Visitor: 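Dumping the structure here so I can ask a few things about it.
Quantities reported herein were computed from a predicted structural model and do not represent experimental measurements.
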Amino acid sequence: CYLHGHQPIKPSKMTKTLISASVGAIILFFFQAASWMVLDIHKDSFKYLPQQDEVMEVLSKHLQEGYYYMPYFDVSTTSQEEQQAINEANTGKPWVMIQYHEKMDMNMASNMGFGFLSCFLICLIISLVLVNANIEGFATRMFFVLLLAGLVMIGGPLYQANWFETPGHYVTGELLDILLGYGLAGVWMAWFTGRK
């Protein structure tokens with residue numbers, strides 16, 4: 001748009017932030033969807049168990065909806081000394097974490113809605129930093145995007161891997177997903193927020 005003297009109207013910081021975040025969220029969301037459905041990024045995320053039908057039959061008899069860690073103890077009735085003894089007795093033995101759901105729901109509408117909202121909020125935070133910090137240079141802005149993506153990696157999959165020993169075959173896909181997705185969205189945000 002032009003006014004007197006053919007001077008272009010510069011978008012406000014808020015407008016630039018919202019455009020940057022919206023397009024960035026679209027790029028990030030569709031990349032994440034493609035990383036699961038089209039690309040091979042997560043092809044090794046889950047192991048296949050040939051005896052899954054027998055295992056599922058046993059689990060369905062004993063579990064309710066929830067997250068399980070085994071071997072474990074009843075925290076409401078087990079003393080600190082007993083908990084320590086149980087942990088010591090199981091040291092070096094197999095253990096498992098199970099996320100059990102009683103029904104599989106293939107309606108992904110609400111999941112996709114929340115997924116896009118998450119992408120938008122993260123891209124909004126990144127765009128707010130890029131626009132208001134007046135960071136000069138595309139490479140420097142891109143560095144800040146990847147730095148913030150690094151925080152997501154450290155606070156997400158790497159945090160879980162540290163405390164719950166998430167297997168490398170799963171963590172690798174998650175890290176690649178974040179790095180590549182934020183990288184692609186970051187190219188847009190770093191370029192657009194640097195426009196005069």
Visitor: Under 6.0 Å from the CZ atom of Phe138, do we count more than 12 heavy atoms belonging to anything else shown?
Guide: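 Counting neighbours around CZ of Phe138, more than 12 heavy atoms of other residues, nucleotides or ligands fall under 6.0 Å, so yes.
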Visitor: Between the main-chain N or O of Ser45 and the side-chain N or O of His169, is there a donor-acceptor pair closer than 3.5 Å?
Guide: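 The answer is yes, because a donor-acceptor pair under 3.5 Å joins these two groups.
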Visitor: Got more than 12 heavy atoms from elsewhere within 6.0 Å of CD, Glu57?
Guide: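 No - once you tally the heavy atoms of other residues, nucleotides and ligands closer than 6.0 Å, there are 12 at most.
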Visitor: Same cluster for Val131 and Ile126 if Ile/Leu/Val/Met/Phe/Trp/Tyr side chains link at under 4.5 Å?
Guide: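 No; tracing contacts between hydrophobic side chains, which count when under 4.5 Å, never links both residues.
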Visitor: Taking Lys93 for its side chain and Ala89 for its backbone only, find out whether a donor-acceptor pair lies under 3.5 Å.
Guide: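 Here the side-chain-to-backbone pair exists.
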Visitor: So if you build clusters from Ile, Leu, Val, Met, Phe, Trp, Tyr with side-chain heavy-atom gaps below 4.5 Å, do Ile154 and Tyr182 land together?
Guide: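 Yes.
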Visitor: Between Met153 and Met189, is there shared hydrophobic-cluster membership here, with clusters defined by ILVMFWY side-chain heavy atoms closer than 4.5 Å?
Guide: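 In one cluster with Met153: Met189, yes.
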Visitor: If you round to the nearest 0.5 Å, how far is CG of Leu146 from CD1 of Ile178?
Guide: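 That separation rounds to 12.0 Å.
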Visitor: If hydrophobic clusters are built from ILVMFWY residues whose side chains come within less than 4.5 Å, do Leu176 and Leu158 share one?
Guide: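 Yes, one cluster joins them.
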Visitor: Would a distance-only check, ignoring hydrogens and angles, find a side-chain to backbone donor-acceptor pair under 3.5 Å from Arg141 to Ile135?
Guide: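 Yes, the answer is positive, given that a donor and an acceptor are paired below the 3.5 Å cut-off.
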Visitor: Tell me the closest heavy-atom pair linking Gly24 and Cys123, and the distance in Å.
Guide: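 Taking every non-hydrogen atom into account, C-SG, 3.5 Å.
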Visitor: Looking at CD1 of Ile122 and CG of Leu151, how far apart are the two atoms once the value is rounded to the nearest 0.5 Å?
Guide: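 The CD1 atom of Ile122 sits 11.0 Å away from the CG atom of Leu151.
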Visitor: Can you list the steps and then say if Ile26 with Phe30 is a side-chain contact (heavy atoms from CB on, under 4.5 Å)?
Guide: CA-CA 6 Å; Ile26 291 171; Phe30 279 102; 3.7 Å; yes
Visitor: Answer yes or no: is there a donor N or O on one side and an acceptor on the other, between the side chain of Ser20 and the main chain of Lys16, under 3.5 Å?
Guide: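 No, because the side chain of Ser20 does not come within donor-acceptor range (under 3.5 Å) of the backbone of Lys16.
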Visitor: CD of Gln64: more than 12 outside heavy atoms within 6.0 angstrom?
Guide: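 Not buried by this count: 12 neighbours or fewer within 6.0 Å.
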Visitor: Centres of the Tyr68 and Tyr100 rings: under 6.0 Å?
Guide: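 Ring-ring flag for Tyr68/Tyr100: false, centres at least 6.0 Å apart.
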Visitor: Under the criterion side-chain hydrogen bond (donor to acceptor under 3.5 Å, both in side chains), I'd like the reasoning laid out for Ser79 against Glu82: C-alpha separation, chi angles, the key distance, then a yes or no.
Guide: CA-CA 5 Å; Ser79 67; Glu82 291 172 324; 3.3 Å; yes
Visitor: Is there a side-chain hydrogen bond (donor to acceptor under 3.5 Å, both in side chains) between Gln80 and Gln84 once you walk through the steps?
Guide: CA-CA 6 Å; Gln80 289 288 333; Gln84 184 176 352; over 6 Å; no
Visitor: Is it possible for you to say whether Leu130 and Val187 belong to one hydrophobic cluster, with membership spreading through side-chain heavy-atom contacts below 4.5 Å?
Guide: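 Yes, Leu130 connects to Val187 through the hydrophobic network.
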Visitor: When the aromatic ring centroids of Trp95 and Tyr69 are compared, is their separation below 6.0 Å?
Guide: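 Yes, ring centres under 6.0 Å apart.
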